[in-house]
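First up is the structure itself, then whatever we jot down about it.
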Amino acid sequence: MVNTALIITASACAFVTTVTIGSTILYKRFHKTDLERTNTVTDEFIDKPIPPGVYIIVGPQGVGKTSFLNALISIDSKYHGAERLQMAKVEIEKLNSIGYKLTVPPCPYRTRSKLFLPNGKPTYHTDISQFGLPGRRKEVQYFPPYTVIGCDEIDSFMDCRDWNKNGNMKADIIDGFKYIRHHDLVFLGDVQNFSKVDAAVRKLTTDVIYILGKKDVYGKKHRFSRKKTLLRTEWEFIWVKHQQAENAESLREMGIDVKEKNARKCKLIYEGNIYSQYNSQSGKPYWYRGIKQFTVEKHPENVLSPEGVDTYCKQNALDSAQDSE
C-alpha cells in the first residue's frame, strides 16, 4: 500500500532541465536562494503552497511532530508567503468594493507557539480554542483567506472536560474544519494519539502524517570551519490521504475496489536549524501557574501495621481521589 520512494514527475524533471539551462530563471523565482532538488516531498512544498485542508501530524512524544509542523510552515513561508498575501489581498479588495473596510495582516501564518519565519519575523498567535466559524463566540479569530494555522498538542484540548461540556465551542470548531476549504485555509495540528481526537474531527481530517523518525545532520558550514553546526533536519513519515482512504474503504465494503493509492512513505528535509526558530519548551509556564514554593514530601514507611498500611496507600494511591471518595 505504501510507496517506498517518491518519483520525480515529468514536470519536476522539466524544471531541473530549466535550472540547468538558465540559472536566471531560478534567481527570479526564488529570490536568489540556492535550491537543490532533493527528490523528496520537500520539492512538492517548494513548488506549490500547502493545499487547503486539515492536516493532523501523529507520533509519540519526542519523535519530531512539532519541529516537522514548524519546518513545513517555514518552507511554505519562504517560497509562498508573498503569494498567499497577494491572493488574500485580491479577495479582500473585492469585498471592500462592495462595502467592507478590511485590511490584510502582513503575515499569513498563525501558530500557538511563537515561530520565527525565515524572514526573521514571528507568526501571529492563535490557539485551537480560537479556531472555528466566527460570529458565534467572541474569542474566535477571523482569518484572512489563504492563512496557514499551526496548533501543537491539540489532542490534549480535544480530550479535556471543557471540550466535552462546551457544545457551542465544539460545534464552532467542527464547522470550521468542515468549511475550511471554502476559505482556502490550511490547519496543521499535531497529536500524540489520533484516537483521542474527536471522532467528528477525525472524519473531517483530509491528511494524516505519521512521523516515523527524525534525523539531525551536523557538519561544517565552511571548508575551514572548526565547529560543526546543525546543517539540516530530515523527517521520515507516512502521508495518508485520510478522507480518500476512508471513502475507498467504504466503497470496498460495498464491493467496489478503488485502485488509488492513498498512502506513501516520504521524507521532508529542512535546510538550517529549525530549533533556533521556536521554543521547544514553550509549555514550561504551565508548571509555574499559581506557584508559591516548591513542595517536598518524605516517603511513607513500608510497614504492615494498620496505620502504616493506611499511610502508605494514601501516599501511593492506586485509585484517583474521586474514586476513593
Side-chain angles (χ1 to χ4, degrees), residues 1-3 41 50-73 111-113 126-133 149-181 185-214 235-254 258 260-266 268 280 282-283 286 318-320 322-323:
M1 181 180 178
V2 177
N3 291 337
V41 75
I50 305 169
V54 180
Y55 298 75
I56 303 298
I57 303 161
V58 184
Q61 192 171 12
V63 78
K65 301 183 300 297
T66 303
S67 57
F68 178 94
L69 183 152
N70 287 326
L72 199 54
I73 292 174
T111 55
R112 182 172 179 264
S113 301
T126 194
D127 185 73
I128 180 64
S129 62
Q130 296 172 290
F131 176 81
L133 285 187
I149 302 154
C151 291
D152 53 298
E153 306 291 350
I154 65 169
D155 51 339
S156 298
F157 178 79
M158 291 184 177
D159 196 40
C160 73
R161 188 178 300 172
D162 287 343
W163 169 262
N164 293 315
K165 291 178 70 174
N166 193 331
N168 290 334
M169 177 183 67
K170 192 173 179 178
D172 288 346
I173 294 173
I174 290 171
D175 285 346
F177 286 133
K178 186 183 297 182
Y179 291 99
I180 198 164
R181 287 179 180 270
L185 298 178
V186 175
F187 183 91
L188 301 167
D190 74 47
V191 303
Q192 290 187 35
N193 189 340
F194 190 47
S195 64
K196 280 190 175 183
V197 176
D198 189 278
V201 175
R202 293 200 304 270
K203 289 284 186 183
L204 295 169
T205 298
T206 57
D207 299 73
V208 179
I209 292 173
Y210 294 92
I211 304 295
L212 301 176
K214 177 191 69 172
W235 296 263
E236 286 194 350
F237 61 98
I238 305 296
W239 187 349
V240 180
K241 304 299 290 183
H242 185 65
Q243 284 186 338
Q244 290 182 13
E246 284 207 333
N247 291 336
E249 185 62 31
S250 298
L251 289 169
R252 269 191 286 271
E253 290 175 0
M254 293 186 288
V258 178
E260 288 185 20
K261 293 182 178 179
N262 298 308
R264 54 179 176 158
K265 188 175 182 180
C266 307
L268 180 76
S280 61
S282 60
Y286 290 129
L318 290 176
D319 302 318
S320 67
Q322 186 176 0
D323 293 338

Can you tell me how far [atom2] of [Y] sits from [atom1] of [X], rounded to the nearest 0.5 angstrom?
X: Asp207; Y: His242; atom1: CG; atom2: NE2; result: 10.0 Å
X: Glu236; Y: Lys265; atom1: CD; atom2: NZ; result: 4.5 Å
X: Ser113; Y: Leu69; atom1: OG; atom2: CG; result: 9.5 Å
X: Arg112; Y: Asp127; atom1: CZ; atom2: CG; result: 5.5 Å
X: Tyr179; Y: Leu204; atom1: OH; atom2: CG; result: 10.5 Å
X: Ile57; Y: Thr66; atom1: CD1; atom2: OG1; result: 8.0 Å

### Query
Which is it for Gln192 and Glu153 under the side-chain contact (heavy atoms from CB on, under 4.5 Å) test, yes or no, and what are the steps along the way?
CA-CA 7 Å; Gln192 290 187 35; Glu153 306 291 350; 3.9 Å; yes
### Message
Below 30° counts as parallel, above 60° as perpendicular, anything between as tilted: where do the rings of Trp239 and Tyr55 land?
### Response
tilted
### Task
May I ask you to decide if the ring planes of Phe68 and Trp235 are parallel, tilted or perpendicular, using 30° and 60° as cut-offs?
perpendicular
### Task
For side-chain contact (heavy atoms from CB on, under 4.5 Å), just list the numbers for Asp198 and Ile174, CA-CA rounded to whole Å, side-chain angles, deciding distance to a tenth of an Å, and then say yes or no.
CA-CA 9 Å; Asp198 189 278; Ile174 290 171; 4.1 Å; yes
Could you check whether any side-chain heavy atom of [X] comes within less than 4.5 Å of a side-chain heavy atom of [Y], counting everything from C-beta outward?
X: Val197; Y: Phe157; value: no
X: Arg202; Y: Ile56; value: no
X: Asp190; Y: Ile154; value: no

Taking all non-hydrogen atoms of both residues, which atom of [X] and which atom of [Y] are closest, and how far apart?
X: Ile173; Y: Ile128; answer: CD1-O, 3.5 Å
X: Lys214; Y: Gly64; answer: CD-CA, 4.1 Å
X: Gly53; Y: Ile180; answer: O-CD1, 3.8 Å

### Message
Can you confirm if the aromatic rings of Tyr210 and Phe194 lie within a centre distance of less than 6.0 Å?
### Response
no
### Message
Could you go through Lys65 and Asp152, starting from their C-alpha distance and side-chain angles, then the distance that decides it, and tell me whether this counts as salt bridge (charged side-chain N to carboxylate O under 4.0 Å, His left out)?
### Response
CA-CA 8 Å; Lys65 301 183 300 297; Asp152 53 298; over 6 Å; no
Any donor-acceptor pair under 3.5 Å from [X] side chain to [Y] backbone:
X: Asn166; Y: Met169; value: yes
X: Arg264; Y: Val240; value: no
X: Thr126; Y: Thr111; value: no

### Task
Starting from the C-alpha separation in whole Å, work towards a yes-or-no answer on side-chain contact (heavy atoms from CB on, under 4.5 Å) for Val58 and Ile209.
CA-CA 6 Å; Val58 184; Ile209 292 173; over 6 Å; no
#### Entry: Val186 and Ile149: CA distance, side-chain angles, deciding distance, side-chain contact (heavy atoms from CB on, under 4.5 Å) verdict
CA-CA 6 Å; Val186 175; Ile149 302 154; over 6 Å; no
